[in-house]
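Structure, as structure tokens:
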Amino acid sequence: MAKTLKIDQRLNSDFFPVGVATSSFQIEGGREGREASIWDTFCTKPGAVKDGSDGAIACDHISKWREDVDLVASLGFDAYRFSVSWPRVIKACGSVNQDGLAFYVALLNGLKERGLKAYVTLYHWDLPEYLEEQGGWLNRQTASEFAEYVDVVSKAFSGLVDCYATLNEPFCSAYLGYELGVHAPGKVGKQYGKKAAHNLLLAHGMAMQVLRRNAPDVTSGIVLNFTPYYAASLSENDQTAAKLAHDHHNDWYVRPVLAGCYPDILASLPEEERPEVHEGDLALISAPIDYLGVNYYTRSFVKECSQDYFDILPPAKGKPVSAMGWEIFPNALRDLLLQLHRDYDLPPVQITENGMACDDALINGEVDDPVRVQYLQDHMNAVAEAMEAGVNVTAYFVWSLLDNFEWAEGYLKRFGIVYVDYDTQQRVPKQSALALKQWLTRRKCV
Ligand code: FCB
């Protein structure tokens, strides 16, 4: 028997789309049908991915996509959020890979046939390797290349898309990929992160212009990730450290988009760490968006650290954590939404990712994941509380439909509400999927 979810009335209307999210590199496989991406290259570096795996096959979604979208529909979801693989659409020579494009057109038609709304992310970290060879996101030209690719897909997808996201989590692309080096392309250096971030944001701005031209009726915006930072103590130094962490990791991405400027810390950065901002860049980056996508998983505590200004602490012993070691703390999602609402003149907000990794096991054909069921219920209700307090939230997506390639963790972490047996590619809905199905089916009848 499926567990019964108790979800606040505010999310209980058919007008509030509830969906599931995935991304191209994490599920598609089908490596032979596209150019290499920076993640293919990164996966070959010894030690870069914990289990030494790669995305060559992943969930083989490229051949099983019909079954996968059937699953999305049969579980009762309203919407499916997925990303387009840039290296599947644009060849190294610059011409269009028609087969690659046709795959997404078929997928979009498949969603329409099943009555599912299509939420399309245009960049979820899989930069074509041929562009990385020209400097990747450290090269301003990559933003123009992105706009050209967006021009191609938004023309080909005409009439099939409900919502576009230009980028998913530029923080991860820039900071994890070009500063810490724990994600592709694995570059390390403080002088890189904010330069890459600026070119990513510029790519967002340029892509928005293209979308306004080619898809004027489609809801378009950007997806950012947020980790709310809490001071580890009441000391002034820790409070300052928490604010710094927020400015560097959260506000650095949202302020240019919503307010047209970088946080004040820009002025105190050493010259070599500053982005190269040209005249007109920030106006382009801050052109109006139709919605802000918010991805939320966890919060962190921060303490002062003289060398790096701030130290992000692991969760204290005894705190509930996910299999990623991330603290489970739903109230931070409510508070984050309220803070954004206070700090900015917010457009409508979509929760574009929320979910958790569990140590799931398939036993007698079933996967019991009660902690995930509770997590989803509590976080959806935290969203409802923010709505009650005046934040305009217009959609909610669970990460993820399927267990998949979790970046530097490889296949070791399972975020899906559907279990994937990687040997057989069999999909088994977990108890969380069945609980959601029961709720969503009942919701449709109200
Ligand atoms: C987010 C990513 C997504 C997935 C989840 C767990 O940062 O957007 O691809 O890896 O984390």
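When a ligand or atom number is given, it counts from 1 through the structure's own listing order.
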Judged by atom type as modelled, is there a donor-acceptor pair below 3.5 Å linking the side chain of Asp290 to the main-chain atoms of Gly221? no

State whether a side-chain donor-acceptor pair under 3.5 Å links Tyr375 with Asn354. yes

Aromatic centroids of Trp137 and His198 separated by under 6.0 Å: no

Compute whether any side-chain donor of one residue and acceptor of the other, for His248 and Tyr175, lie under 3.5 angstrom apart. no

No-hydrogen, no-angle side-chain donor-acceptor test under 3.5 Å, Asn214 and Ser154: yes

Decide whether Asn199 and Asn139 meet the rule of one side-chain donor and one side-chain acceptor closer than 3.5 Å. no

Contact residues of ligand 1 (heavy atom under 4.0 Å), by chain and number: Gln26, His124, Trp125, Asn168, Glu169, Tyr297, Glu353, Trp399, Glu406, Trp407, Phe415

